[in-house]
Amino acid sequence: MLPEELEEWLTSLGYPKYRARQVFGWINKQGAGSVRQMTNLPATLRELLQKDFRTGTVEAEQCSKDGSRKLLIRFDDGQRVETVLLPQGTRFTICLSSQAGCGMGCAFCATGREGLSRQLSAGEITEQVRLAELKFDKPASNVVFMGMGEPLANYENTVRAIKLLNHPWGRNIGIRHLTISTCGLVPQIQKLSELDWQIVLAVSLHAATDQLRGKLMPINSKYPLSKLLPACREYAARTGRRVTFEYVMLKGVNDGEEQLRALSKLLRGWLCHLNLIPFNPAAGLPYTACSAREIRQFALRLEAQGIAVTVRSSMGADVAAACGQLRGGRVGHEHPGKN
Ligand code: SAH
Ligand code: SF4
């Protein structure tokens with residue numbers, strides 16, 4: 001619940017207003033894992049909260065050589081998702097799942113292969129942050145919606161989770177430290193820009209012509225580049241924030257001259273930049289990664305065309321925690337990445 005909802009609920013039951021702030025803080029700041037920890041609340045209120053108090057459970061954990069970790073989290077109906085923890089110096093970034101599975105079916109993504117199991121509630125989204133923070137005994141500095149699922153296909157819960165993470169009574173994570181990555185749902189991008197939030201918008205582009213993008217990402221037939229790009233430009237103009245385009249480098253597929261030319265046409269001259277992502281292989285994905293050298297060459301050629309380019313340093317690939325490798329496993333199924 002958001003603070004104002006808690007206030008309304010608790011005052012309707014005869015509790016003073018300040019109890020809302022205490023309850024919100026226990027859940028969203030102190031990271032309480034049980035109502036027993038909420039020692040400054042009266043016993044009657046704790047009993048009431050107990051009725052609806054649910055937490056996730058960390059079922060498995062894998063540590064990468066590079067310091068990142070992946071948690072397999074199970075919710076109370078047995079649904080599982082993966083969450084990735086990325087400590088980088090003073091920064092601690094948590095990569096969240098917004099859905100269990102994903103229904104978007106991108107050809108290069110292991111999560112997409114599973115299909116969508118179900119939406120996650122806002123509480124299940126923020127619960128991943130609580131469990132991750134407990135692991136490192138450190139508060140999150142950044143949160144990216146780049147785990148399993150398409151956050152804008154779970155729009156209401158994603159927006160609610162952001163309000164919970166950002167609220168000063170709770171974790172108070174600055175809106176500029178939050179990133180939403182989307183495959184390009186145009187109406188939701190428009191809705192997001194109307195919030196005037198300055199959240200970082202990352203858009204999975206992966207190809208610069210409709211012909212190729214349509215092959216890689218089924219969503220392109222609904223929202224082709226001629227609709228997607230204006231929505232992104234509008235987002236940048238309205239929020240003053242640079243839009244990030246993600247581009248997974250698939251050898252012999254999207255790394256050629258035609259795409260290069262089309263990319264510079266789409267991205268030159270406005271507030272955006274391109275983030276090249278090394279392809280992370282996963283079982284059953286029919287693509288090959290470009291070498292680091294090939295990616296650098298591609299980046300240099302784009303730079304020469306006046307495009308701002310960065311190359312993502314992928315973490316966690318050795319424990320299948322890198323972009324596009326996450327899988328949840330459905331109720332009653334063995335989790336594929338567990339061992
Ligand atoms: N559904 C959202 C966010 C989750 S995926 C989206 O698609 O944007 C996070 C990023 O990883 C996206 O840019 C996605 O395209 C990319 N990705 C998916 N599969 C990948 C793979 N096998 N290797 C590298 N990146 C991948
Ligand atoms: Fe879903 Fe994103 Fe994977 Fe596409 S890349 S299938 S939208 S998680």
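All values derive from a computational prediction rather than experimental measurement.
For the salt bridge (charged side-chain N to carboxylate O under 4.0 Å, His left out) condition, the pairs that include at least one residue of residues 254-274, sequence neighbours left out, are Glu257-Arg261, Glu257-Arg301. Sorted by first and then second residue, the salt bridge (charged side-chain N to carboxylate O under 4.0 Å, His left out) pairs involving residues 236-245 (not counting sequence neighbours) are Asp196-Arg238.
Through side-chain heavy atoms spaced under 4.5 Å, either directly or across other Ile, Leu, Val, Met, Phe, Trp or Tyr residues, Val200 is tied to no other residue. Through side-chain heavy atoms spaced under 4.5 Å, either directly or across other Ile, Leu, Val, Met, Phe, Trp or Tyr residues, Tyr18 is tied to no other residue.
Classified by interplanar angle (parallel below 30°, tilted 30° to 60°, perpendicular above 60°), the ring pair Tyr247/His206 is tilted.
Within the model, atoms CD of Glu234 and OG of Ser193 stand 5.5 Å from one another, a figure rounded to the nearest 0.5 Å. How far CZ of Arg176 is from CG of Asn166: 12.5 Å, rounded to the nearest 0.5 Å. Distance check, rounded to the nearest 0.5 Å: CG of Leu201 to OG1 of Thr179 gives 9.0 Å. Atom CG in Asn172 sits 11.0 Å away from atom CG in Leu165 (nearest 0.5 Å). Between the CZ atom in Phe298 and the CD atom in Gln259 there is a gap of 7.5 Å [rounded to 0.5 Å]. Atom OG of Ser117 and atom CG of Asp77 lie 9.5 Å apart (nearest 0.5 Å).
Put simply, the side chain of Asn154 reaches to within 4.5 Å of the side chain of Ile125, judged on heavy atoms. Within the 4.5 Å cutoff, the side chain of Arg160 has heavy atoms near those of the Leu2 side chain. Leu271 places none of its side-chain heavy atoms less than 4.5 Å from the side chain of Val243. Between Phe279 and Leu285 the shortest side-chain heavy-atom distance falls below 4.5 Å. Contact of the Arg171 side chain with the Glu133 side chain is registered, since non-hydrogen atoms from C-beta on lie closer than 4.5 Å. Within the 4.5 Å cutoff, the side chain of Leu225 has heavy atoms near those of the Arg213 side chain. In this structure, Leu228 and Asn220 have side chains that are not in contact, with every pair of non-hydrogen atoms separated by 4.5 Å or more. At least one side-chain heavy atom of Val23 sits less than 4.5 Å from a side-chain heavy atom of Leu45.
For Phe145, there are no ring-ring contact (aromatic ring centres under 6.0 Å, His included) partners, not counting sequence neighbours. By the ring-ring contact (aromatic ring centres under 6.0 Å, His included) test, Tyr287 pairs with no residue at all, sequence neighbours left out. With sequence neighbours excluded, no residue forms a ring-ring contact (aromatic ring centres under 6.0 Å, His included) with His177. A search for ring-ring contact (aromatic ring centres under 6.0 Å, His included) contacts involving Trp270 returns Phe245, not counting sequence neighbours. Taking the salt bridge (charged side-chain N to carboxylate O under 4.0 Å, His left out) definition, one finds that Lys51 meets it with nothing, sequence neighbours left out. Annotation: salt bridge (charged side-chain N to carboxylate O under 4.0 Å, His left out) contacts of Lys191 (sequence neighbours excluded): Glu156.
The residue from Gln99, Gln119, Gln79, Arg118 that alone fulfils the side-chain hydrogen bond (donor to acceptor under 3.5 Å, both in side chains) condition with Glu124 is Arg118.
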>> For Asn157 and Val159: C-alpha separation, side-chain torsions, deciding distance, then whether side-chain contact (heavy atoms from CB on, under 4.5 Å) applies.
In response: CA-CA 5 Å; Asn157 290 324; Val159 164; over 6 Å; no
> Do Arg312 and Leu276 pass the side-chain contact (heavy atoms from CB on, under 4.5 Å) test, and can you show the C-alpha distance, the side-chain angles, and the key distance before you say yes or no?
Replying inline: CA-CA 6 Å; Arg312 181 175 296 175; Leu276 301 178; over 6 Å; no
>> What verdict does the side-chain contact (heavy atoms from CB on, under 4.5 Å) test give for Ile199 and Leu192, after you've listed the backbone C-alpha separation in whole Å, the side-chain angles of each residue and the deciding distance to 0.1 Å?
In response: CA-CA 9 Å; Ile199 196 163; Leu192 200 63; 4.2 Å; yes
>> I'd like to know whether Ser204 forms a side-chain contact (heavy atoms from CB on, under 4.5 Å) with Met217, so could you lay out the CA-CA distance, the side-chain angles of the two residues, the decisive distance to 0.1 Å, and finally the verdict.
In response: CA-CA 9 Å; Ser204 291; Met217 303 176 71; 4.0 Å; yes
>> Test side-chain hydrogen bond (donor to acceptor under 3.5 Å, both in side chains) on Ser97 and Glu82; report intermediate values, then the result.
In response: CA-CA 7 Å; Ser97 292; Glu82 292 187 322; over 6 Å; no
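Gln198 contributes a side-chain N or O that, together with a main-chain N or O of Thr239, makes up a donor-acceptor pair within less than 3.5 Å. Checked by atom type and distance alone, the side chain of Glu61 never pairs as donor or acceptor with a backbone atom of Leu71 at under 3.5 Å. Between the side chain of Glu150 and the backbone N or O of Leu152 there is at least one donor-acceptor pair closer than 3.5 Å. For Arg130 (side chain) and Gly31 (main-chain N/O), a donor-acceptor pair under 3.5 Å exists by modelled atom type. For Glu294 (side chain) and Ser291 (main-chain N/O), a donor-acceptor pair under 3.5 Å exists by modelled atom type.
For Asn275 and Thr310, the side-chain atoms include at least one donor-acceptor pair closer than 3.5 Å. Using modelled atom types and a 3.5 Å distance limit, the side chains of Thr182 and Gln188 yield no donor-acceptor pair.
Under the 4.5 Å side-chain heavy-atom criterion for Ile, Leu, Val, Met, Phe, Trp and Tyr, Trp9 and Phe53 are members of the same hydrophobic cluster. Clustering ILVMFWY residues whenever any of their side-chain heavy atoms sit less than 4.5 angstrom apart, transitively, puts Val186 in the very cluster that holds Leu216. Cluster membership for Met146 and Val81, using ILVMFWY side-chain heavy atoms within less than 4.5 angstrom, is not shared. Leu178 and Trp169 end up in different hydrophobic clusters when Ile, Leu, Val, Met, Phe, Trp and Tyr side chains are linked at under 4.5 Å.
The local environment of NZ in Lys138 is crowded, with over 12 non-hydrogen atoms from other residues, nucleotides or ligands closer than 6.0 Å. Annotation: Glu5, atom CD; neighbour count of heavy atoms from other residues, nucleotides and ligands within 6.0 Å is above 12.
Nearest approach of Gln37 to Gly33, heavy atoms of both residues: OE1-N, 2.8 Å. Closest of all the heavy-atom pairs between Pro42 and Tyr15 is CG-CE2, 4.2 Å. For the residue pair Phe75 and Leu120, the shortest heavy atom distance occurs at CE1-CD2, 3.9 Å. Between Ile219 and Gly184, the shortest heavy-atom contact is CG1-O, 4.5 Å. Minimum heavy-atom separation, Leu185 to Ala153: CD1-N, 3.6 Å. Pairing each heavy atom of Pro3 with each of Ala20, the nearest pair is O-CB, 4.3 Å.
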List the atom pairs, with distances to 0.1 Å, where a side-chain N or O of residues 86-94 and a protein N or O form a donor-acceptor pair under 3.5 Å, not counting sequence neighbours.
none

Residues 106-113, side-chain donor-acceptor partners within the protein, below 3.5 Å, at least two apart:
residue : atom : partner : partner atom : Å
Thr111  : OG1  : Leu326  : O            : 2.6
Arg113  : NH1  : Gly284  : O            : 2.9
Arg113  : NH2  : Gly284  : O            : 3.4

